[in-house]
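Right, one structure below, let's go through it.
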Amino acid sequence: MRIDIVSIFPEFFSVLDISLLGKARQQGLLDVAVHDLRDFTHDRHRTVDDTPYGGGAGMVMKPEPWGEALDHVLGDEADPEATTVIVPSPAGTPFTQALARELAAVPHLVFTCGRYEGIDQRVVEHASSRVTVREISLGDYVLNGGEVAVTAMIEAVGRLVPGVVGNPESLTEESHEGGLLEYPSYTKPASWRGLDVPPVLMGGNHGAIASWRHEQQLERTRRVRPDLLG
Ligand code: JQB
């Protein structure tokens with residue numbers, strides 16, 4: 001999978017050099033390139049923002065640098081099946097595990113990291129005439145820009161790319177894949193600070209363990225996320 005990121009803070013994404021995604025990049029499973037939006041400006045101050053038409057607080061990102069940056073990363077690509085531009089926004093559709101699965105099947109993802117009050121809406125409109133564009137929100141809270149959201153999205157999508165997570169079974173057993181939260185996990189020692197591991201997990205009865213875990217998933221989901229049960 002090819003991933004391009006455009007941001008005025010390219011150094012933010014050094015985090016992608018480490019851990020699981022860093023290894024996946026070294027193995028060639030993920031090809032990540034980070035681009036500085038200011039490299040696509042032409043004035044001496046490398047200006048990326050301006051005042052909003054219609055008034056209001058804050059600044060808006062100018063369309064011209066974004067247009068040039070997207071022209072650069074998209075090249076002559078025009079297949080809406082093969083390329084998706086992701087525009088993180090508090091006004092986007094919610095990011096979910098199902099959406100992460102969809103995006104993991106797209107060969108080329110382009111992430112646009114806005115700042116200030118966001119990007120001139122015509123950038124979305126124009127890119128939509130060439131490739132698939134999705135405005136996506138990480139969740140219902142306000143961040144200062146797209147970088148943190150993009151990092152979370154790349155981690156969630158990247159680990160679903162075949163080969164990135166060593167044991168693919170660990171992908172299906174976790175929270176949200178089966179529509180339920182995951183069951184609680186325990187490791188050694190069997191007793192710690194007066195707290196014992198649930199005995200069923202130490203009995204070796206695999207049927208009993210599976211039903212206990214499923215019951216825990218249901219109880220936990222009912223208690224903390226009843227909305228998931230519908
Ligand atoms: C600028 C962003 C998020 C991108 C996601 C999420 O856009 C704004 N509107 C009002 C106030 C502040 C901003 C700041 N901002 C670009 C940008 C916020 C994403 C964002 C997001 N994805 N919350 N905030 N879940």
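All ligand and atom numbering here is 1-based and tracks the order in the structure.
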The answer for which part of Ser137 has a heavy atom under 4.0 Å from ligand 1 is both

A student checking ligand 1 against Ala149 at a 4.0 Å heavy-atom cut-off should list atoms 5 (C), 22 (N)

Nearest non-hydrogen protein atom to atom 2 (C) of ligand 1, with distance, is Gly145 CA, 3.7 Å

At under 4.0 Å between heavy atoms, what of Arg115 touches ligand 1? The answer is backbone

Q.
Regarding Arg134 and Glu102, does a basic nitrogen lie under 4.0 Å from an acidic carboxylate oxygen?
A. yes

Of all protein heavy atoms, the one nearest atom 12 (C) of ligand 1 is Val142 CG1, 3.7 Å

Ranking Gly118, Ala91, Gly146, Pro90 by closest non-hydrogen atom to atom 3 (C) of ligand 1, top hit is Pro90

**OP:** Using the six-membered ring wherever Trp is involved, compare the ring planes of His72 and Phe40 and label them parallel, tilted or perpendicular (cut-offs 30° and 60°).
**Re:** tilted

One finds that the ligand 1 atoms under 4.0 Å from a non-hydrogen atom of Ile136 are 22 (N)

Establish, from distance only, whether the side-chain atoms of Asp4 and His108 form a donor-acceptor pair under 3.5 Å.
yes

Here the atoms of ligand 1 under 4.0 Å from any heavy atom belonging to Glu117 are 7 (O), 10 (C), 11 (C)

At under 4.0 Å between heavy atoms, what of Ser89 touches ligand 1? The answer is backbone

| Do Val15 and Val157 belong to the same hydrophobic cluster, where Ile, Leu, Val, Met, Phe, Trp and Tyr are linked whenever their side-chain heavy atoms lie under 4.5 Å apart, directly or via other members? | yes

Going by the 4.0 angstrom heavy-atom rule, the piece of Asn144 near ligand 1 is backbone

Within the 4.0 Å heavy-atom cut-off, what Tyr116 brings close to ligand 1 is backbone

Checking heavy atoms under 4.0 Å, the part of Ile119 that sits near ligand 1 is neither

TODO: Answer yes when Glu155 and Arg159 have at least one side-chain N-carboxylate O distance shorter than 4.0 Å, and no when they do not.
DONE: no

Any N/O of Gly139 closer than 3.5 Å to an N/O of ligand 1?
-> yes

protein heavy-atom neighbour closest to atom 4 (C) of ligand 1 works out as Pro88 O, 3.2 Å

Open item on the list: Less than 3.5 Å apart, any donor N or O on the side chain of Glu135 or Ser89 sitting next to an acceptor on the other?
Closed with: no

the protein heavy atom lying closest to atom 6 (C) of ligand 1 turns out to be Tyr141 O, 3.4 Å

* Indicate yes or no: does Glu147 engage Arg115 in a salt bridge with an N to O separation below 4.0 Å. => yes

Atom 24 (N) of ligand 1 has as its nearest protein heavy atom Leu143 N, 3.0 Å

message = side-chain hydrogen bond (donor to acceptor under 3.5 Å, both in side chains) for Glu68 and His42? Distances and angles first, verdict last.
response = CA-CA 11 Å; Glu68 289 197 28; His42 301 287; 2.9 Å; yes

Applied to residues 19-28, the salt bridge (charged side-chain N to carboxylate O under 4.0 Å, His left out) test, sequence neighbours excluded, yields Asp17-Arg25

Flag the pair Asp71 and Arg130 as a salt bridge only when some basic side-chain nitrogen lies within less than 4.0 angstrom of an acidic carboxylate oxygen.
yes

